[in-house]
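Residue numbers start at 1 and run along the sequence shown. Indexing begins at 1, ligand by ligand and atom by atom, following the structure's order.
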Amino acid sequence: MDTEVLRERIRQAGLDLGFAQVGFAPAETPLHANQYLRWLESGWHGEMAYMAREDAVRRRLAPAEALPGCRTLIMACLSYAPSLPLRRVEATEAVVAGYAKGRDYHQVFEEKLEALAERIHAFCPEAAMRPYVDYGPVLERDHAQRAGLGWIGKNTLLIHPGLGSYLLLGELLITIPLDPDPPFVPDHCGTCARCIDACPTGAIRGPRLLDARRCISYLTIELRGPIPEELRPLVGNRVLGCDICQEVCPWNEDAVPGNPQTFHLGRPVSPDSMLRWTEELLVLNDEEFRERYRGTALMRPRRAGLLRNLCVGLGNSGDPAAVPVLARCIQDRSELVREHAAWALERIEAAAGPSA
Ligand code: SF4
């Protein structure tokens, strides 16, 4: 089959499966490989050791390490852009990042990439393929920019002029050589620095320079241990991930909303109230927790990590009604939860001022 026809059949198959964009990039070392290595050397990836593992680094630098004979990366993105305006959230409510509200996006993405591979196989049986949904902070975006899907914003996320930045990225490695799309060259951030100014923890140290150790998404999802005390007040009521650098981005103001069915779970992932959520979690054992949250992003921080985050959120809310549930958290089997509950109680006490 003519390769141009093949490209368009693949692109159309991807769009039919619900991807917001599909583009083609050569299976080459990404443009910002050196920047990525320096980022790892600086230790800014924090506890995400999987990023610095030798085999993982090799795969990120050379796609053929992940799929021998790989010639092309079929880059795809899924949108989770919310409908605007966003609902106003009370200080006692839990804020969950958009990508964590429904089914685990890795699973959704992998299913769609596997379905795409199956369709490609039907008209290109000789192709070997491998789907890949990465946690990579730089390189996946690099390949996506190379495939013409958008530019990398100062908040380090891929942004498309019509779709904004609420985009999840993944790729299908394939052994067939296909012409790459023209790269996305313009940088539409211009003199804007809203994301840098808005980040409460100062995690965006400069344009496209993310110190993951300060990023609320890292602190509430990836970090296994205690949240550094000096950062806890800055986390507010963001109990799972963070979208602040996207909420302020002007390119999201007119972004086409994503299809809510894509990550639909069939039930809300959590109650709105931090208090109710904490009460629910406290009575679950680990098996019950897995049963309740299987297939969602909440499996990542696990029960103790979630309760840790909720204690921080409740402490920051200053709500005296949270004292009884925090007093129960102090008895929890997890040392991590006990320590954060004690911190939260102190914070609520301090907010109430000296007792009469
Ligand atoms: Fe770029 Fe401004 Fe969006 Fe940051 S907020 S990514 S600087 S356009």
Whether D243 side chain and G98 backbone form a donor-acceptor pair below 3.5 Å: yes

Ring geometry between Y166 and Y80 (parallel below 30°, tilted from 30 to 60°, perpendicular above 60°): perpendicular

Full working for side-chain contact (heavy atoms from CB on, under 4.5 Å) between T278 and C329: CA-CA 9 Å; T278 309; C329 289; 3.7 Å; yes

Under 2.8 Å from atom 1 (Fe) of ligand 1 - protein N/O/S, by chain and number: C189 SG

Side chains of N316 and R347, donor plus acceptor under 3.5 Å: yes

Separation of L84 CG from E247 CD (nearest 0.5 Å): 9.5 Å

Any donor-acceptor N or O pair under 3.5 Å, side chains S217, Y99: yes

